[in-house]
Amino acid sequence: MTFFRPAFRHPELPPNAAGYLRQDYEGGISTLCAGCGHDSICNAIVQACFELALPPHRIVKMSGIGCSSKSPAYFLGKSHGFNSVHGRMPSIATGANMANRDLIYLGVSGDGDTASIGMGQFIHAVRRNLDMLYIVMNNGCYGLTKGQYSATADKGSKGKKGGVNELESIDLCELAIQLGAGFVARSFSGDKQQLVPLIKAGLSHRGMSFIDVISPCVTFNNNPESTKSYHWVREHSEATNTFDLVPFRRPITAEYADETVQEVVLHDNSVIHLHKHRDAPDITDRRQAIDNLEDHKAQGVILTGVLYANPDSADTHDILHTCERPLNSLTEADLCPGSPVLEAINAAHR
Amino acid sequence: MTFFRPAFRHPELPPNAAGYLRQDYEGGISTLCAGCGHDSICNAIVQACFELALPPHRIVKMSGIGCSSKSPAYFLGKSHGFNSVHGRMPSIATGANMANRDLIYLGVSGDGDTASIGMGQFIHAVRRNLDMLYIVMNNGCYGLTKGQYSATADKGSKGKKGGVNELESIDLCELAIQLGAGFVARSFSGDKQQLVPLIKAGLSHRGMSFIDVISPCVTFNNNPESTKSYHWVREHSEATNTFDLVPFRRPITAEYADETVQEVVLHDNSVIHLHKHRDAPDITDRRQAIDNLEDHKAQGVILTGVLYANPDSADTHDILHTCERPLNSLTEADLCPGSPVLEAINAAHR
Amino acid sequence: MKQLESVNDFVVRFATVNGSGSASANNLFAKAVFRMGVPVSPKNIFPSNIQGLPTWYEVRVNERGHVGRRGDVDMVVAINGQTMRQDYDGLVPGGYFVYDSSRPLPEDFRRDDVTAIGVPLTTICNEAFDNVRMRPLLKNIIYVGALAALLDMEFEVLADSLRKQFRKNPALAEPNIRALELGFSYARDHHAGACKLTVRRSDRVGDAVMMDGNSATALGAIFAGATVVGWYPITPSTSIIEAFGRFAEQFRTEDNTGRLKAAIVQAEDELAAIGIVIGASWNGARAFTATSGPGISLMSEFLGLAYFAEIPAVLIDVQRAGPSTGMPTRTQQSDLLTCAYASHGDTKHPLLFPCDPRECFEMTADAFDLAERLQTPVIVMSDLDLGMNDHYGPPLAWDENRQYDRGKVLNAAQLDALAARWGRYRDTDGDGICSRTYPGTHPDKGVYFTRGTSRDEYSAYSEDGDTYVRNMERLRLKWETVKRLLPLARIKMTNAEARLGVVFYGSTTPAAYEAIELLHRRGIAVNSMRIRAFPFQQEVLDFVLAHELVFVIEQNRDGQMRTLLINEGSLPAARLVPIASYDGLPVASRFLTRALEEALAERGVILPKTAPDQGGTR
Amino acid sequence: MKQLESVNDFVVRFATVNGSGSASANNLFAKAVFRMGVPVSPKNIFPSNIQGLPTWYEVRVNERGHVGRRGDVDMVVAINGQTMRQDYDGLVPGGYFVYDSSRPLPEDFRRDDVTAIGVPLTTICNEAFDNVRMRPLLKNIIYVGALAALLDMEFEVLADSLRKQFRKNPALAEPNIRALELGFSYARDHHAGACKLTVRRSDRVGDAVMMDGNSATALGAIFAGATVVGWYPITPSTSIIEAFGRFAEQFRTEDNTGRLKAAIVQAEDELAAIGIVIGASWNGARAFTATSGPGISLMSEFLGLAYFAEIPAVLIDVQRAGPSTGMPTRTQQSDLLTCAYASHGDTKHPLLFPCDPRECFEMTADAFDLAERLQTPVIVMSDLDLGMNDHYGPPLAWDENRQYDRGKVLNAAQLDALAARWGRYRDTDGDGICSRTYPGTHPDKGVYFTRGTSRDEYSAYSEDGDTYVRNMERLRLKWETVKRLLPLARIKMTNAEARLGVVFYGSTTPAAYEAIELLHRRGIAVNSMRIRAFPFQQEVLDFVLAHELVFVIEQNRDGQMRTLLINEGSLPAARLVPIASYDGLPVASRFLTRALEEALAERGVILPKTAPDQGGTR
Ligand SMILES: Cc1ncc(C[n+]2csc(CCOP(=O)(O)OP(=O)(O)O)c2C)c(N)n1
Ligand SMILES: Cc1ncc(C[n+]2csc(CCOP(=O)(O)OP(=O)(O)O)c2C)c(N)n1
Ligand code: SF4
Ligand code: SF4
Ligand SMILES: [Mg+2]
Ligand SMILES: [Mg+2]
């Protein structure tokens, strides 16, 4: 977190096409840990909305519970926000979207929030291809409850307390593709160059856009084979039997070119390999998309970028045949059949 | 349902290797609709357990809520059964298995029970590779609540009331393979020849065995383009505004050879195509297994048989490093550290 | 043997098998009684499966308009072999046993206080109709015809009903009417005078309707402008959504586009269903869900969110027999405590208790106004009996001048006009309710952050104890406002001196009034109060305090309304005597009468014995 | 200015930032007081995030053994710039303000009733230590050193603690001890006599321990033989499972194989967590889960199943401030109603209310016996204060002769010996509890089908109303058995004539006893009752009935225990006066004293004014 926000940032940035300044898209001061990947994602969201020149008040931001789910308070201060309960953002988003199809829905969740308690809601929101951008800030752990494994934690990875995760890791992108999302992408919190355009694309797509953003937790996602400095923190924790020291960290950035593999060293010295592929024609083919994902996985490389896109998928409103006018704008005159109709109904029940 | 059970059935069958007769594996009289596919599956379960010569009392049968979930009352009358709440059988099975790893766990569920309300629990039971056989009696609808679409209903299919399902259909086998189940198969309720060996294999496999059994609902899974007799029922329902007539039906059977495609006409005259493939070496390769599934789907054919098998996967007990002795057999002596230990703990807190 | 004799006052029970098409036949009979101008009340008692299990359909005919269940059976139409013995044995002395005499009655059916009336249904049917598939249905119509003759009913009323039913398919009407005739003439020819129960044309019905509560509830939601539905199937609430869907197709299709002015989302479970409702309501649509007990339990976490974040939500709980899966096709009023206090922490929710379809309609419509005015979930407490059975009652009414009360919602102009800084959770007028805004209303103003965590008046996150307490105390104040807005109880002070009171609510109402009438006729002074809402207004508490002994009749084991009264009203517990009927069948007036007699006797009040004036003797 | 003066009786508050390593330093201080033989009680007041927000650690030192929170702060160690103003302003007159004087105190910090004590923590630290990463931690130790000097504490006690802490890593011990010295000597050299608060070695501690309730709970589960855990992380319950895991590694590793004699399953959510517990208990293992409010709400459906199907389950609810997500790192006692009546339909669950770590241990262990004996879920109602803070209290005790009570479970031999037909739900001895069997016990006998639907005595599905009612009435009878088996309330009838009573439970206990002691010293006769379980035994009701006015102290808004008393005991509501402290901080004795005074004054009882004898003046 940053205690003091510079009063004038980005003074160089001119207003966007709609006349808004970048700060019109910013939010409250973050209370996340210094260096948390989630903060970088928030910045990317701000940047994307700014670049798209979206009217901030036409965006609705929603989340569940977790460090990640707190983050809507830290961007888009001029948008209505809804920080709901753990794992249930998708249903709130479904209801909100049903009520007013004219707004832009941006959901933010964590891997615990989505892949554990929220798995059912996630899958079914994807299945009904709800028109929203759904971002998972994926750190492989439960940040807010202090570092338990989540269901996206890599099999074989070692956690804070040294235990090895022996459970299958759930690939949310693969699930989303399989279950009918119209737009699916993966990125890294520190790769603004890639992330901002992906968020823009996701916001522009109609139907479910899902972006899984790898977002290192600086505090809990560490393993015992870590750097010296880290050792030290661990030893302190062990000795005092408290977990009360969170060292300040810088966010990790990773900018790299298309078709290259980038090695990223995380805070605990563990390494991941990201691969950015240039848009391939096959991203509109579901099976090909899954194959691509799996091929890279087999090579120990995480494929990033747009993984799948189907611009023509029917969203929930199409499926339900709801009218074009937002339901929340309809009035008595539109909705109430009136007493003569009731009289006829009574008559039919005699 | 059958009101009167013939007193002596299968008198020709000799006892199995363990000395049990086939009727030792039977259960109460079914109260499902005449011709319901679920009853055929129950029979197959009875047959499989009989052939495996399992001691009935060492089997535990569990389920959620639905027509399918009622069925444990109709087989294995000498086994303890647990008909839990809607969609939550996997957690009950997890707990039961943790308590006593020496029994055989057989879970039965419906497509509503598993793919809707139970999706989260299903996925996570698969992910921890719980040692059990999990059978979904898949009729594409909610039978017990009178015919709503379930999440496995085919996209584009027409339901009882004529409406078209425009939602993605969830393929539970594909999910199970992706999420780490050790044994995954698909079959048809009417294909006893295929189903019985699959159930036997599933019961013998250690870790999560998942079998998706297509099981036509004679009562609700009908579409308006149905046979004349069916029309008549529909018209009656429309005219009287009640849904109170369920005509008696015979179960549909389908026996066909390996490597052939079998056309099956359902009660409502709709048609499905089943394909049985001979055991291929690639069923131990996850990606190949998914490809197989998808390839057949692309051809409009439902692939049946063993879809994936990994005989060496670690089950939940392996992952948790629990002891070999059933936890429910441990006594005070095994479990209670005793007061001197407590004294030491007190001392450490001074 | 003294045969039961009665005009327009008796109970017939049809014992059948589900999935056999009998429900519509039985309904044909009930409707015919109604159309002859005689109040009638059918109760469908069905199993939790789809085909082949025993099902009963109990029709009470009562000229005086007592349409609660009575208890005891005067006549059985015994079509189900599985239950024939129990149906026979259950008849009151003097009763009538109508059976399919295609097979002889078993030897041991030889009660001498019962009149057995054989009609060879199967034989008649098989001889008359070739279509094997249609026979079961036509057999049902034959017994209805026979019954009509036995009860001296007007044949044409039934025939007319059938013609109306098969309007679109006269080819189907024809065999049905023939079946009706066959049954009618057989009974007339073979059993003339055998039965001394009679339905005689009357003029008691007036403008009454026969409607199930769930349809009325769905209409209430349609008329109140509900547009978003999140739901998950569960008996006995499903038919609300199905009816809403049908009505929406009829009344909510956009003229020009054919699209629906409603979104009905079948959710993956009840947690999602209520989430959808909360999300939609938050975003300015009227939204609701309908469920039953297990769904309420699952919705508990979300209800707490809606309470604390102050989001409207309308929930219909069509109660069934609990706990757990309980008896899913039986009725009960046993979710009161769970609904009133749903969710952890200090939470409370207003409840409404409709007693008939008309109130299902009104209270559902009111629930939307209340939820939006109060910015909190409002739960309409229906039950299986009320929801799924047809009820005889007053027609539904809608005031043409009624306007939706959307509550305190600021639009762009109002936001621009604000003098002071706006705070989502700032109470500016002392009723505990603050104003809200819909997302997207104004480019700069009125934006806020909704959360289930503690926050200050301006919706900023806060862990400050005083801020938290201030907010909670405001919610307590709002609870007082709730009381002011809820519908009042119906209090009948028939005797200002009476020391006894009777309290009841919901579907218990007709049986309770009948029992009370009986007490009155026996000279016992007793006043009554029908509770229509929780929390309680002062009037409700005063009623209890004004009587020495108050019987609280409810269809649950633990006296849940009594609990709420004692709690929220700080009422003296000893004064409130629980009367519980909770076996899953709609409460019967004869049961109540007995229970009240016993309760009074225990307290030294012995009632004079008078013969019950309804049919039957027990 | 009159400085506060006190020996072994004051409150120090550390104002810090979370993630800065201060918690362990503060704990070092509290532990040192304890090791000097003085009763002490630390309360950690932390935010719901991981790093960078204000956190307080309030230590009460009290020779007399009053270890509830007192309220008011006598000394602040102000390390957090963000809250310095509020920390300064919050001090009582005469109090002490210890701050980092590396930067001067802002101009407007000029209270003349406060003693400001500057210690240049940053300067000292930076000068002494080169390792930049270690500095924040060492700075914390420096202020502890300084504080020790200001309070005249024994340096060696602190140094010893550090040495013990870093036993395994002497290289780390060294700089820590140096930091301690630096702080100690700075304060001694620069502020000798500045502070009139003193810790003086005493012998009051005896065999007491300092332990958090969650560790004690985990130990209870270990000692009681729990083997299966289903859980989902949630503050403040997580540390129970973490502790259970640690203890299991220590005491439950199989000698020969190194495998664990326990299965700890991190579930996907709370629904699954309780499902795992129910499945395991059904199958004969002792199983439990721990959660907090939101988890309870989510477990509601399953709790109804366990009630109705009669399956043991142990659940620890470590309560936090609701409703909804509320204040997740603050304490409250506000889940009573939800827990007592969790789930739809007529359901009720026994609750246990531990008041200190020893009872957390005992009652958790007892809960397993009770759950298995009663075949029903038993909920242990802890809270954040009790669970997560270290508590000074009696040591844990385990009777070597204690045997697990596994309840009525038939083994193969017993099944073989049965004369009559066995029925899972047949009550053969009139206590409402039937015998069960574990799956796999016997080839032919004792098999049954478990379900959430209604069934008969032999566990056969049934929709028969009488069968259903019989079963429900048996469950009601079992509820009476429950009362007999639960721990009794602790009733102190200090004065048989007293017309006033005070009732409380759980973590409220020490503050309540302190307030009562004060009333006694002012000459007010008052008796007290600490409730330890729900439902209530006759003794509990009698206590209330024996007093004219009974104050019910609880940490929730709506008086939930009072509600339970009125309900289940049919007690006169007017007699039960609610005293609520629910701002999320552990209830303070000073608050209680004031609240009781006010409540008495409202009723015409005016207390003589006496100066409070604890440190501080308000
Ligand atoms: C019903 C419920 N259960 C548990 C919790 C406790 N809880 C808060 S956040 C969280 C996990 C968050 O993990 P994730 O979604 O990955 O977010 P992160 O903090 O890692 O960004 C949990 C379990 C809760 N708030 N509500
Ligand atoms: C919590 C809860 N919600 C809803 C229901 C109602 N319900 C009973 S069965 C069922 C669906 C069953 O569908 P499926 O699992 O496919 O079984 P089938 O009847 O088709 O075999 C539903 C929704 C319930 N019992 N519990
Ligand atoms: S705990 Fe991890 S996820 Fe949470 S704010 Fe800190 S770094 Fe981010
Ligand atoms: S309704 Fe369908 S699924 Fe249920 S028993 Fe009948 S045929 Fe089977
Ligand atoms: Mg996470
Ligand atoms: Mg189904």
Side-chain angles (χ1 to χ4, degrees), chain B residues 1-3 29-36 64-65 67 69-70 83-88 112 115-120 141-151 161 163 165 167 170 217-220 228-233 235-249, chain C residues 16-28 44 46-53 55 81-82 131-134 136-137 140 162 164-169 171-173 176 215 231-235 237-239 241-242 245-246 266-272 294-295 297-298 324-325 328:
Chain B
M1 64 162 288
T2 36
F3 292 109
I29 294 174
S30 168
T31 61
L32 303 177
C33 302
C36 177
I65 298 281
C67 293
S69 293
K70 283 180 171 188
N83 184 189
S84 66
V85 291
H86 195 27
R88 316 294 174 195
S116 293
I117 191 168
M119 183 50 104
C141 73
Y142 290 9
L144 193 54
T145 54
K146 308 212 161 176
Q148 298 82 10
Y149 286 119
S150 82
K161 284 152 196 159
N165 177 36
L167 289 160
I170 294 180
C217 171
V218 302
T219 305
F220 296 107
K228 193 160 140 277
S229 73
Y230 229 82
H231 257 306
W232 193 78
V233 174
E235 273 162 10
H236 167 77
S237 301
E238 267 166 26
T240 60
N241 218 341
T242 59
F243 183 80
D244 65 346
L245 182 70
V246 179
F248 275 71
R249 300 279 182 160
Chain C
T16 61
V17 164
N18 69 345
S20 65
S22 58
S24 50
N26 302 341
N27 186 265
L28 176 70
N44 194 7
F46 57 101
S48 174
N49 93 327
I50 303 300
Q51 186 201 56
L53 286 186
T55 302
Q82 293 170 277
N131 186 330
V132 180
R133 292 174 191 277
M134 279 184 80
L137 276 178
N140 299 336
L162 278 174
K164 250 187 236 165
Q165 229 175 50
F166 294 102
R167 204 173 30 231
K168 290 195 198 140
N169 198 335
L172 273 180
N176 273 284
S215 293
W231 75 293
Y232 189 71
I234 187 167
T235 308
S237 69
T238 306
S239 59
I241 310 296
E242 286 171 348
R246 276 196 312 274
Q266 183 183 322
E268 59 275 24
D269 62 15
E270 287 86 352
L271 291 93
S297 288
L298 289 172
S324 195
T325 309

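Values below: every heavy atom of this structure, side chains too, minus hydrogens, waters and symmetry copies. None of these values were measured; they are calculated from a predicted model.
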Does one side chain, of B/Tyr142 or B/Ser116, offer a donor that lies under 3.5 Å from an acceptor on the other?
yes
Side chain C/Glu270, main chain C/Pro294, donor-acceptor under 3.5 Å
no
Tell me, for C/Leu28 versus chain B, whether the close heavy atoms (under 4.5 Å) come from the side chain, the backbone, both or neither.
neither
Quick one: pull up CD in B/Gln148 and CD in C/Gln266 and give me the separation to the nearest 0.5 Å.
6.0 Å
Hey, could you give me the NZ/CD1 distance between B/Lys146 and C/Ile50, rounded to the nearest 0.5 Å?
5.0 Å
Specify which of C/Asp269, C/Asn176, C/Leu271 makes the most heavy-atom pairs with chain B at under 4.5 Å.
C/Asp269
Quick one: what part of C/Ser324 sits under 4.5 Å from any heavy atom of chain B, side chain, backbone, both or neither?
side chain
Residue part contacting chain B, namely of C/Ser20, when any heavy atom lies under 4.5 Å:
backbone
By a 4.5 Å heavy-atom criterion (distance strictly below it), what part of B/Leu167 contacts chain C: side chain, backbone, both, or neither?
neither
Structural part of C/Tyr232 lying under 4.5 Å from a heavy atom of chain B:
side chain
Nearest 0.5 Å, please: how far is OG1 in C/Thr325 from CD1 in C/Ile234?
8.0 Å
Euclidean distance, C/Leu53 CG relative to C/Thr16 OG1, rounded to 0.5 Å:
11.0 Å
So which part of C/Leu298 gets closer than 4.5 Å to some heavy atom of chain B, the side chain, the backbone, both or neither?
side chain
